[in-house]
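As the structure is a computational prediction, the values presented were derived from the model and not from experiment. The sequence lines fix the lettering, A, B, ..., with proteins before strands; numbering per chain opens at 1. Because only heavy atoms are used, hydrogens play no part in the values below, and waters and symmetry mates are left out as well, while side chains stay in.
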Number of protein chains: 2
Amino acid sequence: MVDLVREDRTSVRSHPMVGASASRRISEATVARLPIYQRILLGLVGGGTTTVSSEQLAQLAQLNAAKVRKDLSYLGSFGTRGSGYDTRFLLGQIDRELGLDADWPVAVVGIGNLGRALANSRGFASRGFRIVGLFDIAPEVIGVTMAGIEVHHVDDLPIYDNPAIGVITTPASVAQEVAERLMAVGARSILNFAPVVLMVPPEILVRNVDLSIELQVTSFYLSHQQAWT
Amino acid sequence: MVDLVREDRTSVRSHPMVGASASRRISEATVARLPIYQRILLGLVGGGTTTVSSEQLAQLAQLNAAKVRKDLSYLGSFGTRGSGYDTRFLLGQIDRELGLDADWPVAVVGIGNLGRALANSRGFASRGFRIVGLFDIAPEVIGVTMAGIEVHHVDDLPIYDNPAIGVITTPASVAQEVAERLMAVGARSILNFAPVVLMVPPEILVRNVDLSIELQVTSFYLSHQQAWT
DNA sequence: TAGATTGTTAATCGATTAACAATC
DNA sequence: TAGATTGTTAATCGATTAACAATC
C-alpha cells in the first residue's frame, strides 16, 4: 500500500463535476435528507396516500417547506402546482437518485454486537444492498449463520463476490488493516464505524459513523443548555 | 402528553444565546469536531506527546489547519505561538467544553444487538457518562447482566436514577412511546437510533443517528462517482 | 375562475479557507 | 535574532429561507 493519501473527511464535495448531464450539482445537505424523504414516502405509499404537499412532507420530516421543495427540485420538476407530489412517483425518483435501483454488494467485517445489528437491520437487507458476506477472525463466530448469511474468516474475503461497499465494525486497532483488505478486493467505498481516521487513496469514499461522538455532542448541548433555554 | 411540538431536527442552532459569558457562539460544525480532536489528543497524551501543532492535528484529523485553529480558538487562546498546543492541557479544555467533566446519567432502552453494542461500547462507559440502567420488555433479556449492568423492564424506568440522556435503540414502532416515557422520568435529551422522526417539546434535545441513512448516502455517492472521478 | 401549491430567485446566514500580523 | 506557529480577519463558498410569479 503505497499511495495512501490523506483525504479531508468531507472531501466528497471537492471533486469537480465533469460529466455532461450536470443539471445543478445536488447539495451535500440535500443528499443527507433524501433518505429521510424516502422513508417517509415509503410510509405514505404503504398507507395508501397518493399525493403529498411540500408542507406536509416538511411537517413529517420536521423541516421547512421551502427546503423540501428546493431539495426535491434537484431531482427535477416532479410536483404538480396546486396539488403536490405523487407519492409513488416521487419515491421512485428518490430511489433512482440514491442509486437504490442498482446492486451494491456489501461486506461487513467485524461481527460483534454492532456488526450483528447491521447484518440484521432492515436497512442493510433492503433494496439496492446485498450482503455478500459477514467476516471476522474469531473462531467462535466463524461458521455461524445470522440473517441467513454465514460468517467467514477475513482471510476468505477474496473468495466471495467483490464488495462495492465495505462496512467496518471492528475494533479501532485493526480498522486500517481491514480497510486495506477491503480495498484489495475492490471496495470503492467504506462505511467506517471504528473510532479512527482511515487513510485511503482519494478515489475511495469513506463515511464515518461514530456512536460515541454523538453522545459527546449531546453532552455538549446539555451542558450549555441553560445558556439558551 | 399535550404540548408536543414539532421541532426542526437542526433546531439546536435556533436557540438564541442569552447568557452573560457569551464569548463567541461556538459553531455547530465545530462542536461535531471537538470529539474527534478529543480522541486524537487522548492518543497523543497516551503516547507521551506533549505538544502538537495545528498542522499536525489537521493531518491526524484529515482537516485543514486553519479550521483546526479556528475551532480551538472558540475555547480560548490555549496555543503557544511558535510551538503549538500542550496536548494534556488542550485535552482538558476540550473535555470541559464538551461537558465531560459532568455526570450524565444515561438510560438505554431496547436491548437488541444495537443496544448491546452501545452498552458494551467504550464511549458509553467513559468519563462523563454513567449508565443507570438498560431497559427492554422482552422477558428473555430482563434480568440478564451485560457490561456489569442488569436489564430491567421499561415499566421500572421510574425506579432507577433519572437519566439526563435517553438512548432509544428500539424498533421504530415504539420509539415515540419510549421517548415519552424517558421524558416522563426527566430525560432532557434523546439519542435516537430508531428510523423515525420523534415529536418532542422544544426544550428536549434530540439527536438522530440512522445507520441505514449512512448506507444510502454511500450508495448515492457511489452511483454518481463516475461523474467526478 | 379561485384557491392551492410548486419551482425559483434573491437575501441572508453560517462555515470554510487563505493570508498574515502578532508573538513565542 | 530567525524560524515557527498561533489567532484572527476578510474573502469565499455553500446552505437556508422568505417571498412570489407561474400554473395546476
Side-chain angles (χ1 to χ4, degrees), chain A residues 6-17 22-34 36-37 49-87 89-90 93 217 228, chain B residues 7-17 23-34 36-37 49-87 89-90 93 217 228:
Chain A
R6 292 171 184 276
E7 181 190 17
D8 191 289
R9 47 173 52 222
T10 53
S11 65
V12 160
R13 96 189 60 184
S14 67
H15 292 84
M17 184 75 165
S23 72
R24 226 154 39 260
R25 184 106 187 78
I26 190 166
S27 109
E28 227 180 315
T30 296
V31 172
R33 283 188 295 266
L34 289 181
I36 298 171
Y37 301 136
T49 303
T50 57
T51 296
V52 69
S53 70
S54 60
E55 182 57 43
Q56 291 172 307
L57 264 178
Q59 297 246 330
L60 293 169
Q62 293 183 6
L63 302 167
N64 167 307
K67 191 186 276 181
V68 172
R69 289 200 296 279
K70 182 121 223 207
D71 283 344
L72 299 182
S73 75
Y74 282 111
L75 315 187
S77 296
F78 298 140
T80 305
R81 287 161 140 102
S83 64
Y85 302 86
D86 181 282
T87 52
F89 183 77
L90 185 57
Q93 293 303 314
V217 171
W228 31 265
Chain B
E7 180 190 19
D8 191 289
R9 44 173 52 223
T10 54
S11 64
V12 160
R13 96 188 60 182
S14 67
H15 293 83
M17 185 74 166
S23 72
R24 227 156 33 261
R25 184 108 186 78
I26 189 166
S27 110
E28 228 179 314
T30 296
V31 173
R33 283 188 295 266
L34 289 181
I36 298 171
Y37 301 136
T49 304
T50 58
T51 295
V52 69
S53 70
S54 61
E55 182 56 44
Q56 291 173 306
L57 263 178
Q59 296 245 331
L60 294 169
Q62 293 183 8
L63 301 168
N64 167 307
K67 192 185 277 180
V68 172
R69 289 199 297 279
K70 181 122 225 211
D71 283 344
L72 298 182
S73 75
Y74 282 112
L75 314 188
S77 295
F78 299 140
T80 305
R81 288 163 141 100
S83 64
Y85 302 86
D86 180 283
T87 51
F89 182 78
L90 185 57
Q93 293 303 314
V217 171
W228 33 264

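For B:Ser73, the side chain to side chain contact (heavy atoms under 4.5 Å, CB included) criterion is met by B:Arg24, not counting sequence neighbours. The side chain to side chain donor-acceptor pair (under 3.5 Å) check on B:Thr87 picks up nothing, with sequence neighbours excluded. With sequence neighbours left out, A:Thr49 forms a side chain to side chain donor-acceptor pair (under 3.5 Å) with no residue at all. Partners of B:Phe89 by side chain to side chain contact (heavy atoms under 4.5 Å, CB included), not counting sequence neighbours, listed by chain and number: B:Phe78, B:Asp86, B:Gln93. Under the side chain to side chain donor-acceptor pair (under 3.5 Å) criterion, A:Thr30 pairs with A:Ser27, A:Asp71, not counting sequence neighbours. Scanning for side chain to side chain donor-acceptor pair (under 3.5 Å) contacts around B:Tyr85 gives an empty result, with sequence neighbours left out. With sequence neighbours left out, B:Thr80 forms a side chain to side chain contact (heavy atoms under 4.5 Å, CB included) with B:Ser83.
Atoms CZ (A:Arg25) and C1' (D:dA15) sit 15 Å apart, rounded to a whole Å. For the pair B:Ile26 CD1 and C:dG14 P, the interatomic distance rounds to 15 Å; values are reported in whole Å. Taking atom CG of residue B:Leu63 and atom P of nucleotide C:dT16, one finds them 9 Å apart after rounding to whole Å. One atom, CG of B:Asp86, and another, C1' of D:dT5, lie 15 Å apart when rounded to the nearest Å. We find that CD of A:Glu28 is positioned 15 Å from C1' of D:dT16, with the value rounded to whole Å. With rounding to whole Å, A:Asp71 atom CG is found 17 Å from D:dG14 atom P. In this structure, CG of A:Asn64 is placed 13 Å from P of C:dT6, rounded to the nearest angstrom. Straight-line distance from the CG atom of B:Leu72 to the P atom of D:dT8: 12 Å, rounded to whole Å.
Listed candidates were C:dT8, D:dG7, C:dT6. Nearest to the side chain of B:Ser77 is D:dG7.
The two atoms that bring A:Ala61 and A:Ile36 nearest to each other are CB-CG2, 4.2 Å, heavy atoms only.
Consecutive pairing runs in DNA chain C reach the stem threshold at C:3-24 with D:3-24, where a stem means at least three Watson-Crick or G-U wobble pairs with distances under 3.5 Å.
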Which pairs, protein N/O on one side and nucleotides 20-24 of chain D N/O on the other, fall under 3.5 Å?
unit_1 : atom_1 : unit_2  : atom_2 : d
D:dA22 : N3     : A:Arg81 : NE     : 2.8
D:dT23 : O4'    : A:Arg81 : NE     : 3.4
D:dC24 : O4'    : A:Arg81 : O      : 3.3
D:dC24 : O2     : A:Arg81 : O      : 3.3

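The one candidate from A:Leu72, A:Leu90, A:Leu75 that meets the side-chain contact (heavy atoms from CB on, under 4.5 Å) condition with A:Tyr37 is A:Leu72.
Judged by closest nucleotide on DNA chain C, A:Gly84 is the one of A:Gly84 and A:Lys70 placed further toward the 5' end. Nucleotides of DNA chain D nearest to B:Ser54 and A:Ala66 differ in position, and the one nearer the 5' end is that of B:Ser54.
At the phosphate of D:dA4, neither OP1 nor OP2 sits under 4.0 Å from any side-chain N or O atom of B:Tyr85.
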